Protein chains: 2
Amino acid sequence: MSTISYKDKKVISIGVVSELTGLSERQIRYYEERQLIHPDRTKGRTRMYSFSDVELLVEIANKIEDGLQTYEIRKINESQKEQKTISKEKLREEIRGQLNVRFGLMNRNESKFK
Amino acid sequence: MSTISYKDKKVISIGVVSELTGLSERQIRYYEERQLIHPDRTKGRTRMYSFSDVELLVEIANKIEDGLQTYEIRKINESQKEQKTISKEKLREEIRGQLNVRFGLMNRNESKFK
DNA sequence: CAATAATGTAAGATAATCTAACATAACTTA
DNA sequence: TAAGTTATGTTAGATTATCTTACATTATTG
(Lines give C-alpha, C1' and ligand atoms only; values in the text may rest on other atoms or scores of the structure.)
Protein backbone atom coordinates (compact mmCIF):
# COMPACT_ATOMS: atom_id res chain seq x y z
CA MET A 1 0.00 0.00 0.00
CA SER A 2 0.91 3.62 -0.56
CA THR A 3 3.86 2.80 -2.77
CA ILE A 4 4.51 6.02 -4.65
CA SER A 5 5.34 5.36 -8.26
CA TYR A 6 7.31 7.55 -10.60
CA LYS A 7 4.02 8.74 -12.01
CA ASP A 8 3.19 10.57 -8.82
CA LYS A 9 6.62 12.00 -8.03
CA LYS A 10 6.66 15.76 -8.35
CA VAL A 11 9.87 16.32 -10.23
CA ILE A 12 8.92 18.32 -13.32
CA SER A 13 9.11 22.11 -13.50
CA ILE A 14 6.62 24.29 -15.28
CA GLY A 15 8.52 24.83 -18.52
CA VAL A 16 8.59 21.12 -19.24
CA VAL A 17 4.96 20.72 -18.20
CA SER A 18 4.12 23.47 -20.63
CA GLU A 19 5.86 21.60 -23.42
CA LEU A 20 4.31 18.27 -22.50
CA THR A 21 0.78 19.63 -22.34
CA GLY A 22 0.88 22.41 -24.91
CA LEU A 23 -0.52 24.80 -22.31
CA SER A 24 1.07 28.16 -21.56
CA GLU A 25 2.70 28.68 -18.19
CA ARG A 26 0.10 31.35 -17.58
CA GLN A 27 -2.67 28.80 -18.04
CA ILE A 28 -1.00 26.25 -15.79
CA ARG A 29 -0.58 28.79 -13.01
CA TYR A 30 -4.13 29.97 -13.47
CA TYR A 31 -5.51 26.44 -13.12
CA GLU A 32 -3.61 26.22 -9.89
CA GLU A 33 -5.15 29.47 -8.72
CA ARG A 34 -8.53 27.92 -9.49
CA GLN A 35 -7.46 24.87 -7.47
CA LEU A 36 -7.58 22.38 -10.30
CA ILE A 37 -4.00 21.35 -9.75
CA HIS A 38 -1.68 21.30 -6.73
CA PRO A 39 2.03 21.33 -7.49
CA ASP A 40 4.68 21.01 -4.82
CA ARG A 41 7.23 23.77 -4.30
CA THR A 42 10.98 23.69 -3.92
CA LYS A 43 12.65 25.79 -1.25
CA GLY A 44 13.10 28.43 -3.91
CA ARG A 45 9.33 28.33 -4.60
CA THR A 46 9.62 26.67 -8.00
CA ARG A 47 6.49 24.68 -8.81
CA MET A 48 7.01 20.93 -9.29
CA TYR A 49 4.61 18.60 -11.06
CA SER A 50 4.20 14.85 -11.56
CA PHE A 51 3.26 12.91 -14.67
CA SER A 52 -0.15 12.46 -13.07
CA ASP A 53 -0.42 16.22 -12.91
CA VAL A 54 0.47 16.39 -16.58
CA GLU A 55 -2.29 13.93 -17.40
CA LEU A 56 -4.72 15.87 -15.29
CA LEU A 57 -3.79 19.08 -17.06
CA VAL A 58 -4.49 17.51 -20.41
CA GLU A 59 -7.91 16.46 -19.17
CA ILE A 60 -8.50 19.96 -17.91
CA ALA A 61 -7.50 21.41 -21.25
CA ASN A 62 -9.98 19.14 -23.01
CA LYS A 63 -12.78 20.18 -20.72
CA ILE A 64 -11.97 23.84 -21.17
CA GLU A 65 -12.10 23.28 -24.90
CA ASP A 66 -15.52 21.74 -24.41
CA GLY A 67 -16.62 25.01 -22.86
CA LEU A 68 -16.54 23.99 -19.21
CA GLN A 69 -15.53 26.56 -16.63
CA THR A 70 -12.80 26.01 -14.11
CA TYR A 71 -15.12 25.81 -11.14
CA GLU A 72 -17.16 23.13 -12.87
CA ILE A 73 -14.04 21.18 -13.66
CA ARG A 74 -12.97 21.40 -10.08
CA LYS A 75 -16.29 19.96 -8.96
CA ILE A 76 -15.99 17.12 -11.44
CA ASN A 77 -12.45 16.34 -10.36
CA GLU A 78 -13.38 16.40 -6.71
CA SER A 79 -16.30 14.03 -7.21
CA GLN A 80 -14.03 11.76 -9.26
CA LYS A 81 -11.56 11.74 -6.42
CA GLU A 82 -14.36 10.68 -4.09
CA GLN A 83 -15.36 8.02 -6.55
CA LYS A 84 -11.84 6.69 -6.56
CA THR A 85 -11.69 6.57 -2.80
CA ILE A 86 -14.95 4.74 -2.68
CA SER A 87 -14.04 2.19 -5.27
CA LYS A 88 -10.69 1.63 -3.59
CA GLU A 89 -12.54 0.97 -0.37
CA LYS A 90 -14.86 -1.38 -2.17
CA LEU A 91 -11.90 -3.18 -3.67
CA ARG A 92 -10.41 -3.52 -0.25
CA GLU A 93 -13.60 -5.01 1.04
CA GLU A 94 -13.75 -7.44 -1.81
CA ILE A 95 -10.23 -8.58 -1.21
CA ARG A 96 -10.89 -8.87 2.46
CA GLY A 97 -13.90 -10.99 1.66
CA GLN A 98 -11.91 -13.29 -0.56
CA LEU A 99 -9.18 -13.64 2.03
CA ASN A 100 -11.72 -14.52 4.64
CA VAL A 101 -13.15 -17.19 2.40
CA ARG A 102 -9.74 -18.62 1.63
CA PHE A 103 -8.23 -18.49 5.09
CA GLY A 104 -11.10 -17.92 7.44
CA LEU A 105 -9.48 -14.82 8.88
CA MET A 106 -10.92 -12.04 10.98
CA ASN A 107 -9.41 -8.57 10.78
CA ARG A 108 -6.42 -8.67 13.03
CA ASN A 109 -3.81 -5.99 13.35
CA GLU A 110 -4.99 -3.33 11.01
CA SER A 111 -7.92 -1.23 11.99
CA LYS A 112 -10.68 -1.10 9.46
CA PHE A 113 -9.79 2.36 8.15
CA LYS A 114 -6.34 3.77 7.77
CA MET B 1 7.36 -1.91 -29.45
CA SER B 2 9.22 1.30 -28.66
CA THR B 3 6.48 2.65 -26.42
CA ILE B 4 8.30 5.20 -24.30
CA SER B 5 7.14 5.11 -20.71
CA TYR B 6 7.35 7.85 -18.16
CA LYS B 7 10.41 6.14 -16.78
CA ASP B 8 12.41 7.03 -19.86
CA LYS B 9 11.15 10.56 -20.43
CA LYS B 10 13.86 13.11 -19.83
CA VAL B 11 12.02 15.71 -17.80
CA ILE B 12 14.04 16.13 -14.61
CA SER B 13 16.66 18.81 -14.13
CA ILE B 14 19.89 18.36 -12.28
CA GLY B 15 18.88 19.84 -8.95
CA VAL B 16 16.11 17.31 -8.51
CA VAL B 17 18.34 14.49 -9.71
CA SER B 18 20.85 15.55 -7.11
CA GLU B 19 18.20 15.33 -4.41
CA LEU B 20 16.86 12.00 -5.63
CA THR B 21 20.28 10.37 -5.82
CA GLY B 22 22.17 12.12 -3.05
CA LEU B 23 24.94 12.94 -5.52
CA SER B 24 26.32 16.44 -5.95
CA GLU B 25 25.68 18.25 -9.20
CA ARG B 26 29.41 18.21 -9.72
CA GLN B 27 29.45 14.44 -9.55
CA ILE B 28 26.51 14.09 -11.92
CA ARG B 29 28.14 16.35 -14.49
CA TYR B 30 31.42 14.55 -14.08
CA TYR B 31 29.81 11.16 -14.74
CA GLU B 32 28.44 12.65 -17.91
CA GLU B 33 31.89 13.84 -18.87
CA ARG B 34 33.05 10.26 -18.35
CA GLN B 35 30.17 9.11 -20.55
CA LEU B 36 28.37 7.10 -17.91
CA ILE B 37 25.17 9.04 -18.43
CA HIS B 38 23.65 10.93 -21.33
CA PRO B 39 21.10 13.60 -20.45
CA ASP B 40 19.14 15.52 -23.03
CA ARG B 41 19.43 19.28 -23.26
CA THR B 42 16.80 21.97 -23.53
CA LYS B 43 17.27 24.86 -25.93
CA GLY B 44 18.74 26.77 -23.02
CA ARG B 45 21.26 23.93 -22.50
CA THR B 46 19.74 22.71 -19.26
CA ARG B 47 20.44 19.02 -18.72
CA MET B 48 17.34 16.81 -18.51
CA TYR B 49 17.25 13.33 -17.00
CA SER B 50 14.77 10.46 -16.78
CA PHE B 51 13.91 8.22 -13.86
CA SER B 52 15.95 5.55 -15.61
CA ASP B 53 18.89 7.92 -15.51
CA VAL B 54 18.30 8.40 -11.81
CA GLU B 55 18.36 4.65 -11.27
CA LEU B 56 21.50 4.36 -13.32
CA LEU B 57 23.17 7.10 -11.29
CA VAL B 58 22.40 5.24 -8.10
CA GLU B 59 24.03 2.13 -9.54
CA ILE B 60 27.01 4.19 -10.57
CA ALA B 61 27.29 5.63 -7.09
CA ASN B 62 27.30 2.15 -5.60
CA LYS B 63 30.04 1.02 -7.91
CA ILE B 64 32.13 4.07 -7.16
CA GLU B 65 31.71 3.30 -3.48
CA ASP B 66 32.96 -0.20 -4.22
CA GLY B 67 36.13 1.35 -5.56
CA LEU B 68 35.45 1.00 -9.27
CA GLN B 69 36.71 3.69 -11.61
CA THR B 70 34.48 5.50 -14.06
CA TYR B 71 36.01 3.90 -17.11
CA GLU B 72 35.43 0.45 -15.64
CA ILE B 73 31.84 1.33 -14.89
CA ARG B 74 31.38 2.53 -18.41
CA LYS B 75 32.65 -0.77 -19.75
CA ILE B 76 30.32 -2.69 -17.47
CA ASN B 77 27.35 -0.58 -18.48
CA GLU B 78 28.15 -0.94 -22.14
CA SER B 79 28.45 -4.71 -21.89
CA GLN B 80 25.20 -4.80 -19.94
CA LYS B 81 23.55 -2.84 -22.70
CA GLU B 82 24.82 -5.44 -25.15
CA GLN B 83 23.55 -8.16 -22.87
CA LYS B 84 20.12 -6.60 -22.84
CA THR B 85 20.05 -6.40 -26.60
CA ILE B 86 21.08 -10.01 -26.85
CA SER B 87 18.57 -11.29 -24.35
CA LYS B 88 15.83 -9.26 -25.98
CA GLU B 89 16.78 -10.89 -29.26
CA LYS B 90 16.74 -14.27 -27.59
CA LEU B 91 13.33 -13.55 -26.12
CA ARG B 92 12.12 -12.59 -29.57
CA GLU B 93 13.41 -15.85 -30.98
CA GLU B 94 11.73 -17.82 -28.25
CA ILE B 95 8.43 -16.13 -28.85
CA ARG B 96 8.80 -16.64 -32.55
CA GLY B 97 9.45 -20.30 -31.88
CA GLN B 98 6.37 -20.64 -29.75
CA LEU B 99 4.25 -18.89 -32.30
CA ASN B 100 5.54 -21.19 -34.97
CA VAL B 101 4.62 -24.20 -32.88
CA ARG B 102 1.16 -22.87 -32.19
CA PHE B 103 0.32 -21.56 -35.62
CA GLY B 104 2.82 -23.11 -37.95
CA LEU B 105 3.99 -19.72 -39.20
CA MET B 106 7.06 -18.74 -41.11
CA ASN B 107 8.61 -15.30 -40.71
CA ARG B 108 6.65 -13.07 -42.98
CA ASN B 109 6.85 -9.34 -43.06
CA GLU B 110 9.52 -8.52 -40.56
CA SER B 111 13.10 -9.11 -41.46
CA LYS B 112 15.04 -11.13 -38.96
CA PHE B 113 16.87 -8.20 -37.43
CA LYS B 114 15.54 -4.72 -36.94
C1' DC C 1 -24.22 47.27 -18.70
C1' DA C 2 -21.20 45.70 -14.98
C1' DA C 3 -18.88 41.79 -13.27
C1' DT C 4 -16.37 37.62 -14.02
C1' DA C 5 -13.54 34.31 -16.61
C1' DA C 6 -9.60 33.10 -19.19
C1' DT C 7 -5.52 34.42 -21.12
C1' DG C 8 -1.66 37.48 -22.83
C1' DT C 9 2.17 40.35 -21.81
C1' DA C 10 5.59 43.00 -19.40
C1' DA C 11 8.72 44.19 -15.56
C1' DG C 12 11.73 43.33 -11.89
C1' DA C 13 13.34 40.00 -8.62
C1' DT C 14 15.05 35.65 -7.37
C1' DA C 15 16.35 30.80 -8.27
C1' DA C 16 18.50 27.35 -11.02
C1' DT C 17 21.76 26.00 -14.15
C1' DC C 18 25.85 26.47 -17.14
C1' DT C 19 30.85 26.68 -18.21
C1' DA C 20 35.46 27.30 -17.02
C1' DA C 21 38.99 27.47 -13.94
C1' DC C 22 41.62 26.47 -9.98
C1' DA C 23 42.45 23.48 -5.81
C1' DT C 24 43.21 19.14 -3.59
C1' DA C 25 43.57 14.50 -1.75
C1' DA C 26 44.18 9.92 -3.07
C1' DC C 27 45.95 6.89 -6.38
C1' DT C 28 48.82 5.12 -10.27
C1' DT C 29 52.55 4.64 -12.89
C1' DA C 30 56.89 5.38 -15.10
C1' DT D 1 59.83 9.49 -5.67
C1' DA D 2 58.19 12.64 -9.04
C1' DA D 3 54.66 13.28 -12.27
C1' DG D 4 50.30 12.31 -14.00
C1' DT D 5 45.38 10.87 -13.25
C1' DT D 6 40.97 10.48 -10.83
C1' DA D 7 37.25 12.22 -8.37
C1' DT D 8 35.41 15.94 -6.21
C1' DG D 9 34.91 20.68 -4.11
C1' DT D 10 34.50 25.51 -4.72
C1' DT D 11 34.11 29.92 -6.86
C1' DA D 12 32.89 33.36 -10.32
C1' DG D 13 30.32 35.33 -13.94
C1' DA D 14 26.98 34.58 -17.39
C1' DT D 15 22.71 32.88 -18.92
C1' DT D 16 18.22 30.64 -18.43
C1' DA D 17 14.12 29.59 -15.86
C1' DT D 18 10.76 30.74 -12.79
C1' DC D 19 8.19 33.77 -9.62
C1' DT D 20 4.92 37.48 -8.41
C1' DT D 21 2.31 41.40 -9.50
C1' DA D 22 0.02 44.27 -12.37
C1' DC D 23 -2.35 45.84 -16.31
C1' DA D 24 -4.83 44.77 -20.76
C1' DT D 25 -8.25 42.36 -23.50
C1' DT D 26 -11.89 39.55 -25.21
C1' DA D 27 -15.64 36.73 -24.33
C1' DT D 28 -19.25 35.40 -21.46
C1' DT D 29 -22.64 35.74 -17.91
C1' DG D 30 -25.91 37.51 -14.72
Side-chain angles (χ1 to χ4, degrees), chain A residues 9-78, chain B residues 9-78:
Chain A
K9 277 229 155 194
K10 307 230 178 191
V11 296
I12 315 176
S13 59
I14 199 166
V16 175
V17 173
S18 173
E19 288 203 346
L20 292 177
T21 61
L23 296 168
S24 71
E25 299 185 8
R26 181 67 167 93
Q27 288 174 303
I28 296 167
R29 293 193 191 103
Y30 180 66
Y31 300 152
E32 177 183 0
E33 188 184 323
R34 304 316 307 272
Q35 316 213 49
L36 302 184
I37 191 97
H38 305 284
D40 280 358
R41 296 285 189 126
T42 65
K43 340 204 162 204
R45 315 220 33 73
T46 298
R47 273 168 265 251
M48 301 301 292
Y49 304 85
S50 67
F51 282 114
S52 294
D53 291 331
V54 170
E55 289 186 2
L56 183 52
L57 280 167
V58 170
E59 287 175 34
I60 290 166
N62 289 334
K63 285 171 187 158
I64 293 270
E65 257 192 286
D66 293 349
L68 296 210
Q69 283 184 281
T70 53
Y71 87 98
E72 305 178 277
I73 298 172
R74 184 178 61 230
K75 292 239 178 82
I76 292 171
N77 287 352
E78 277 166 6
Chain B
K9 277 229 155 194
K10 307 229 177 189
V11 296
I12 314 175
S13 59
I14 198 167
V16 175
V17 172
S18 172
E19 287 202 348
L20 292 177
T21 60
L23 297 168
S24 70
E25 300 185 8
R26 182 69 168 91
Q27 286 175 303
I28 296 167
R29 293 195 191 100
Y30 180 67
Y31 300 153
E32 177 184 0
E33 188 185 323
R34 303 316 306 272
Q35 315 212 51
L36 302 184
I37 191 97
H38 305 284
D40 281 357
R41 295 287 188 123
T42 67
K43 339 201 165 211
R45 313 218 38 71
T46 299
R47 273 168 264 250
M48 301 301 292
Y49 304 85
S50 66
F51 282 113
S52 293
D53 291 331
V54 170
E55 289 185 3
L56 183 52
L57 280 167
V58 170
E59 287 175 35
I60 290 167
N62 289 334
K63 284 170 187 158
I64 294 270
E65 257 192 285
D66 293 348
L68 296 210
Q69 284 184 280
T70 52
Y71 86 97
E72 305 177 278
I73 297 173
R74 183 177 63 228
K75 292 241 177 80
I76 291 171
N77 287 351
E78 277 165 8

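Values in this document were obtained by computation on a predicted structure and should not be read as measured data. Here is the naming used below: chain letters follow the sequence lines, and residue numbers restart at 1 for every chain.
Of the residues in residues 9-24 of chain A, those lying under 4.0 Å from DNA chain D by heavy-atom distance are S13(A), I14(A), G15(A).
Taking only side-chain nitrogens and oxygens, T42(A) comes nearer than 4.0 Å to OP1 or OP2 of dA16(C). Put simply, R47(A) has a side-chain N or O that comes within less than 4.0 Å of OP1 or OP2 on dC19(D). Contact annotation: T70(A) side-chain N/O to dA6(C) OP1/OP2 distance is under 4.0 Å. Taking only side-chain nitrogens and oxygens, Y30(A) comes nearer than 4.0 Å to OP1 or OP2 of dA6(C). When the side-chain nitrogen and oxygen atoms of Y31(A) are compared with OP1 and OP2 of dT7(C), one or more of them lie within a distance under 4.0 Å.
Rounded to an integer number of Å, the gap from K63(B) NZ to dT6(D) C1' is 18 Å. The nearest whole Å value for the distance from the CZ atom in R29(B) to the C1' atom in dT8(D) is 13 Å. Taking atom CD on Q27(B) and atom P on dT6(D), their separation rounds to 17 Å, with Å as the unit. Between L68(A) atom CG and dT28(D) atom P there is a gap of 14 Å when expressed in whole angstrom units. Spacing between atom CE of M48(A) and atom C1' of dT18(D) amounts to 11 Å, rounded to whole angstrom units. E32(A) has its CD atom 15 Å from the P atom of dA6(C), to the nearest Å. Atom pair R26(A):CZ and dA11(C):C1' shows a separation of 15 Å (rounding to whole Å applied). Here dA17(D) presents its C1' atom at 16 Å from CZ of R45(B), a figure rounded to the nearest Å.
Judged by distance alone, with hydrogens and angles left aside, the side-chain atoms of S13(A) form no donor-acceptor pair with the main-chain N or O of M48(A) at under 3.5 Å.
Comparing K43(A) and Y71(A), the nucleotide of DNA chain C nearest to each residue sits closer to the 5' end for Y71(A).
Going from atom CD1 of I14(A) over to atom OG of S24(A) covers 8.5 Å, rounded to the nearest 0.5 Å. The distance from the CZ atom of R47(A) to the CZ atom of R45(A) is 8.5 Å, given to the nearest 0.5 Å.
The side-chain heavy atoms of T42(A) and E19(B), taken from C-beta on, include no pair separated by under 4.5 Å. Counting only heavy atoms from C-beta outward, the side chains of L20(A) and K9(B) approach each other to under 4.5 Å.
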Donor-acceptor contacts under 3.5 Å from residues 50-61 of chain A side chains, at least two apart:
unit_1	atom_1	unit_2	atom_2	d
S50(A)	OG	S52(A)	N	3.3
S50(A)	OG	D53(A)	N	3.0
S50(A)	OG	D53(A)	OD2	3.2
S52(A)	OG	K7(A)	O	3.2
S52(A)	OG	D8(A)	OD1	2.7
D53(A)	OD2	K10(A)	NZ	3.0
D53(A)	OD2	S50(A)	N	2.9
E55(A)	OE1	K7(A)	NZ	3.4
E55(A)	OE2	Y6(B)	OH	2.2

Can you give each donor-acceptor pair under 3.5 Å made by side-chain atoms of residues 66-75 of chain A, sequence neighbours left out, with the distance rounded to 0.1 Å?
unit_1	atom_1	unit_2	atom_2	d
T70(A)	OG1	R34(A)	NH1	3.2
E72(A)	OE1	Q69(A)	N	2.7
R74(A)	NH1	R34(A)	O	3.0

